[in-house]
2 protein chains.
Amino acid sequence: MRIHHAVSRIGCFLIKKSTRDAFRSCRSLHSTVPVRSVELTKVRYPNLKRGPFSVLKDTDVQFFERLLSGAGRVLADASEIEGYNTDWLKTCRGCSELVLRPKTTEEVSAILNYCNTRRLAVVPQGGNTGLVGGSVPVFDEVVVSTQLLNKIISLDELSGTLVCQSGCVLGNLEEYIADYNLTIPLDLGAKGSCHIGGNIATNAGGVRLLRYGSLHGSILGVEAVLPNGEILDCMSTLRKDNTGYDLKQLFIGSEGTLGIVTAASVLCPQKPSAVSVAFLGCESFAKVLDIYKEAKGMLAEILSAYEFLDEASVSVNKENLKMSSPIGDYPFFVLIETSGSNGDHDEEKLNTFLEAMMSKGLVTDGTVVTESLKIKDIWSLRERVAEGLLHDGYCYKYDVSLPQSKFYNLVEDMRERLGASVIRVVGYGHVGDGNLHLNMTSPTYSSEVMSNIEPFVYEWVSKYNGSISAEHGLGFKKRNFIHHSKSKSAVSLMKQLKKSIDPNGIMNPYKVLPDD
Amino acid sequence: MRIHHAVSRIGCFLIKKSTRDAFRSCRSLHSTVPVRSVELTKVRYPNLKRGPFSVLKDTDVQFFERLLSGAGRVLADASEIEGYNTDWLKTCRGCSELVLRPKTTEEVSAILNYCNTRRLAVVPQGGNTGLVGGSVPVFDEVVVSTQLLNKIISLDELSGTLVCQSGCVLGNLEEYIADYNLTIPLDLGAKGSCHIGGNIATNAGGVRLLRYGSLHGSILGVEAVLPNGEILDCMSTLRKDNTGYDLKQLFIGSEGTLGIVTAASVLCPQKPSAVSVAFLGCESFAKVLDIYKEAKGMLAEILSAYEFLDEASVSVNKENLKMSSPIGDYPFFVLIETSGSNGDHDEEKLNTFLEAMMSKGLVTDGTVVTESLKIKDIWSLRERVAEGLLHDGYCYKYDVSLPQSKFYNLVEDMRERLGASVIRVVGYGHVGDGNLHLNMTSPTYSSEVMSNIEPFVYEWVSKYNGSISAEHGLGFKKRNFIHHSKSKSAVSLMKQLKKSIDPNGIMNPYKVLPDD
């Protein structure tokens, strides 16, 4: 008797005040693929031409060594810079010969001024956790790493405004402000490695977007260095400031192609005193959507995440990461997080909600947890899928927005299309934001599989007015598909702005904007 | 025994489920100043030079009459266009001879294409409720009104995405979506007249920003016509879409200087089923801030507005609008709104909070209301101050952001500085957002008073790294003070973008950007 079982299971966990301070970080783990075996990007894409940039000379390296004194600030040894050349997914590898690690905005300014004058191409790099090849060189671009731009500058407790350099690791920021009863309005699997500057540059979304909105709302100020080395100071710490064009918005999501973000101010919400997570099994994707609709109404202001995984996603955890699921096997799983200021109220709302979902037959089985370690375990099921997939070999990764009603059809169509040519096709993601993560795996990269996936997947998404990149950005891999999600007039204006701000095109070339 | 009295008063109103559907609209009321008596802007600012634009000819009017067929679409009669030339505050008056009222994006495109070719300057106008002279002509610019771009295009109930033309009145949109249990993430006094396109163009803030964030987060898509007539389609309805630069952000807050917003998609949150408003009296501004700090922790996710008024603000209501206050006289008043999905829970949170505030001696007196009419009455006290001030004659209006600790000192300093030279100095606004509305009045405009206010007020704000325009924008009146809030590098990049997008400078000249 599934339903009774589930009711009692839901009942037995219910709910005490607790705080989730879980430090989830799958993407900081090293993957099992050795860097050297990753094919060079210029080899994998033989038609791609290197831009008209200068080639690095000894005198350039000497300039940077004078500028950045101290050990470990100018890396030119092949073994040292290997990791900077290769993306986390092990799908892109550049051949940069130089990594620079500035500590101050002024150093970044001097670096870009020099590179612009010398026409040396530059790729900015944060935690290098991106999934579209945006943060690694394509050819021999100079890597400017934000690793040492890692100072917290100030915190205003009353307004919740945190000011820091762009190389601060997201998880470290969250730990720091937790002492002040604040939380970061952004949470994602890579939090243990990713930098706030990279989050801003890629307009990272993550699992809390449903509650706290996008970075376009919660980043109050940005300091960036323009391609010519000029420092652009838009470092407001004010919640409201309508004095001229909101230039910082241009840098949120431009993936390092317009400049390097060196510092930012972040509006941090009150840390919730009570957090609960429900993990539910259900029989169809239609029910996943029905539950979401009810959750919007009944959980409303305490709903902080609404995620789903299909059975194939959970199988990845079981098979490749030896994780176990706290409930039985179902075609679909829903992860609901609530967070609020009063645990008793939240408990009552969540109980009422879950009882209604059971009695309507929308939920078949489920568990609710409130202890931080158990919450962490449940979240791991969702957040470690990306890591688990890498164990299959090569992962074809898509991150699309679609109208919620069409959401899962893409996974089913892809499964039918690819059949036995891949190990698996899995779908999971942020239902609340209409954001599906679609992944296929094969033992090694196969251009045949790839040609069956692209452009099919982009055309499918485009047909329903979706986005071909919901939160990962376009980077290197998806830039030439931009027309599937953006109008010709929009792409044309983007190019015009790029040309105006970076006339020599040195900033992160071969990224975001399509070839002419 | 103030405290006992207040406790019982708070007790007696407490709290039933109710919904605020109040249609508050002070700024749609006509002010008492006749339009004709408003000094022409070009007379008041004799040093301002008209830009190198063409002068309207009969052949131009004939072109527009052919383009916009049907009555009332091309207005050229002086009496008909008087209202379009004058701002709501009656402080700016242009001398345009032509008002165009397109119904479609294509018509807007044809208008701008023609004006750009002919070098005719254009001012876009929505509800004309702006407070910085941004929506009226300075000289003889052609007015393009969005009044007839007023169609609702679509609504996705599940995701809450509303798509509409830019001339829809904010209050009408709110009424429309209320039937679908949704609400608009923006609320301001002018909602009965202001257009959503104008809200976007000015990045309107209002009283719900504390809860739902800024329009940079809740506007999902924008369609705009560029100065050369090209239609820029950035009309995403997706919550997440990281495909290239987020161009719509450029149009949010650029006050019609980069193009005309013709349509938008708005992310609408769930309509709260329970709303309560508390109106509290307290003895000092320090206590206003202490109460805010407590409210952030104790009301947290149900806190939807935290506003304050000083005694002088409430006096305006009493003297000029014959309104009465529901509680006694105090140096400061706080208006707290909560909204949530469970009235009983909200009631308990609000009661616990208010009891704590009384026992800590932070609140001296107060009342709590939950019925929509009573809620409307309390909100009127806050929202009709702007209207009441106009009855004094001329209003010197400032809207600044400041660190909360410095917030009220500016009002006190200004009161001391101006003494008997003005009728009154009042301060009210959005404490939660650090946004102060500072207003001074005199019987008629006085350049002597003005020279005592400016640049003093901007220098004061600049000293504390505040914003000289929190939510009203720069428009015509404040553009030359932009350097008090924005860095030289930022202003320079703004001008570069303007030049790139509007090389002939026809779009809303003399606004936002400072003179060279």
Side-chain angles (χ1 to χ4, degrees), chain A residues 158-159 202-203 205 209 213-214 216-217 230-234 238-247 249-250 252-254 270 293 296-298 300-302 340-342 345 349 401 404 433-435 466-474 482 485-487 489-491 493-494 496-497 500 512, chain B residues 158-159 202-203 205 213-214 216-217 230-234 236 238-247 249-250 252-254 270 293 296-298 300-302 340-342 345 349 401 404 433-435 466-474 482 485-487 489-491 493-494 496-497 500 512:
Chain A
L158 183 60
S159 66
T202 58
N203 188 29
L209 189 132
S214 87
H216 287 288
E230 194 177 349
I231 297 168
L232 180 70
D233 173 7
C234 297
L238 305 165
R239 187 143 186 192
K240 286 180 168 175
D241 176 23
N242 281 349
T243 52
Y245 309 157
D246 193 355
L247 297 175
Q249 302 291 351
L250 262 182
I252 300 174
S254 58
Q270 194 79 5
K293 192 170 182 181
K296 272 189 78 175
M298 295 180 74
E301 68 274 10
I302 63 165
S341 61
N342 184 316
H345 291 169
K349 286 189 182 91
S401 281
Q404 283 151 332
D433 312 322
N435 179 187
S467 168
I468 63 156
S469 187
E471 56 179 9
H472 294 168
L474 296 171
I482 189 172
S485 286
K486 285 285 153 73
S487 65
S489 59
V491 175
L493 183 52
M494 287 179 208
Q496 185 182 329
L497 295 179
S500 173
V512 183
Chain B
L158 183 59
S159 67
T202 58
N203 187 30
S214 87
H216 287 287
E230 193 177 349
I231 297 168
L232 179 70
D233 174 6
C234 297
S236 173
L238 305 165
R239 187 142 185 193
K240 285 179 171 178
D241 176 23
N242 280 351
T243 53
Y245 309 156
D246 194 354
L247 296 175
Q249 302 291 352
L250 262 182
I252 300 174
S254 58
Q270 194 78 5
K293 194 170 182 181
K296 271 189 79 175
M298 296 180 73
E301 68 274 10
I302 63 166
S341 60
N342 184 314
H345 290 170
K349 285 189 183 91
S401 282
Q404 283 152 331
D433 313 321
N435 180 187
S467 168
I468 63 155
S469 186
E471 58 180 7
H472 295 167
L474 295 172
I482 189 172
S485 287
K486 285 286 154 72
S487 65
S489 59
V491 174
L493 183 53
M494 287 178 206
Q496 185 182 329
L497 295 177
S500 174
V512 183

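Chain naming here is simple, since letters A, B, ... match the order of the sequence lines and numbering starts at 1 in each.
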Requested in this report: Below 4.5 Å from any heavy atom of chain B, which atoms of A/L247 appear? Answer side chain, backbone, both or neither.
Outcome: side chain
Query raised in the report: Among side-chain atoms of B/Q404 and A/S159, is any donor-acceptor pair under 3.5 angstrom?
Result: no
Query raised in the report: chain A heavy atoms under 4.5 Å from B/S236: which part of the residue, side chain, backbone, both or neither?
Result: neither
**Report entry** Straight-line distance of B/Q270 CD to A/K293 NZ, nearest 0.5 Å
**Finding:** 9.5 Å
Query - Check: B/D246/A/H216 side-chain N/O donor and acceptor closer than 3.5 Å - result: yes
**Report entry** Residue A/L158 versus chain B: region with a heavy atom under 4.5 Å
**Finding:** both
Requested in this report: Flag the one option from B/A300, B/G473, B/S214 with the top tally of heavy-atom pairs under 4.5 Å to chain A.
Outcome: B/G473
Requested in this report: Using side-chain hydrogen bond (donor to acceptor under 3.5 Å, both in side chains) as the criterion, list what pairs up with B/N242, not counting sequence neighbours.
Outcome: A/N203
**Report entry** Set of residues satisfying salt bridge (charged side-chain N to carboxylate O under 4.0 Å, His left out) with respect to A/K240, sequence neighbours excluded
**Finding:** B/D433, B/E471
Report summary line: Residues B/S341 and A/G297: closest non-hydrogen pair is CB-O, 3.9 Å
Requested in this report: Output the distance between atom CG (A/L238) and atom OG (B/S485), rounded to the nearest 0.5 Å.
Outcome: 8.0 Å
Query raised in the report: Once you round to the nearest 0.5 Å, how far does CG of A/L232 lie from OG of B/S489?
Result: 4.5 Å
Query raised in the report: Under 3.5 Å, is there a donor-acceptor pair between the B/S487 and A/D233 side chains?
Result: no
**Report entry** Contact origin within A/E301 toward chain B - heavy atom pairs under 4.5 Å
**Finding:** both
Query raised in the report: Of the backbone (N, CA, C, O) and the side chain (C-beta and beyond), which part of A/I231 lies under 4.5 Å from a heavy atom of chain B, both, or neither?
Result: backbone
Query raised in the report: For B/H345 and A/N342, what are the C-alpha separation, side-chain angles and deciding distance, and is it a side-chain contact (heavy atoms from CB on, under 4.5 Å)?
Result: CA-CA 9 Å; B/H345 290 170; A/N342 184 316; over 6 Å; no
Query raised in the report: Taking every heavy-atom pair that is under 4.5 Å apart, which of A/G466, A/A490, A/G205 has the most such pairs with chain B?
Result: A/A490
Report summary line: Given B/G434, B/G244, B/S254, the one with more heavy-atom pairs under 4.5 angstrom with chain A than any other is B/G244
Query - chain B contact via A/I468 - which portion, at a heavy-atom distance below 4.5 Å - result: both
Report task. Would you sort out whether A/Q249 and B/L250 count as a side-chain contact (heavy atoms from CB on, under 4.5 Å), showing the intermediate values? Result -> CA-CA 8 Å; A/Q249 302 291 351; B/L250 262 182; over 6 Å; no
Query - Closest-packed option against chain B by number of heavy-atom pairs under 4.5 Å, given A/C234, A/G253, A/G340, A/G217 - result: A/G340
Query raised in the report: Using non-hydrogen atoms only, which part of A/I482 is less than 4.5 Å away from chain B: side chain, backbone, both, or neither?
Result: side chain
Report summary line: Counting heavy-atom pairs under 4.5 Å with chain A, the top scorer among B/L474, B/I252, B/I302 is B/L474
Report task. Compare all side-chain heavy atoms of A/N435 with those of B/R239 and state whether any distance is below 4.5 angstrom. Result -> no
**Report entry** Side-chain touch A/Q496/B/S500, heavy atoms, less than 4.5 angstrom
**Finding:** yes
Requested in this report: Give, for atom CG of A/L497 and atom OH of B/Y245, the distance between the pair rounded to the nearest 0.5 Å.
Outcome: 7.5 Å
Report task. In sequence, state the C-alpha distance, the side-chain angles, and the governing distance for A/T243 and B/V512, and then conclude on side-chain contact (heavy atoms from CB on, under 4.5 Å). Result -> CA-CA 8 Å; A/T243 52; B/V512 183; over 6 Å; no
Report summary line: Rounded to the nearest 0.5 Å, the CG atom of A/L493 sits from the CD atom of B/E230 at a distance of 8.0 Å
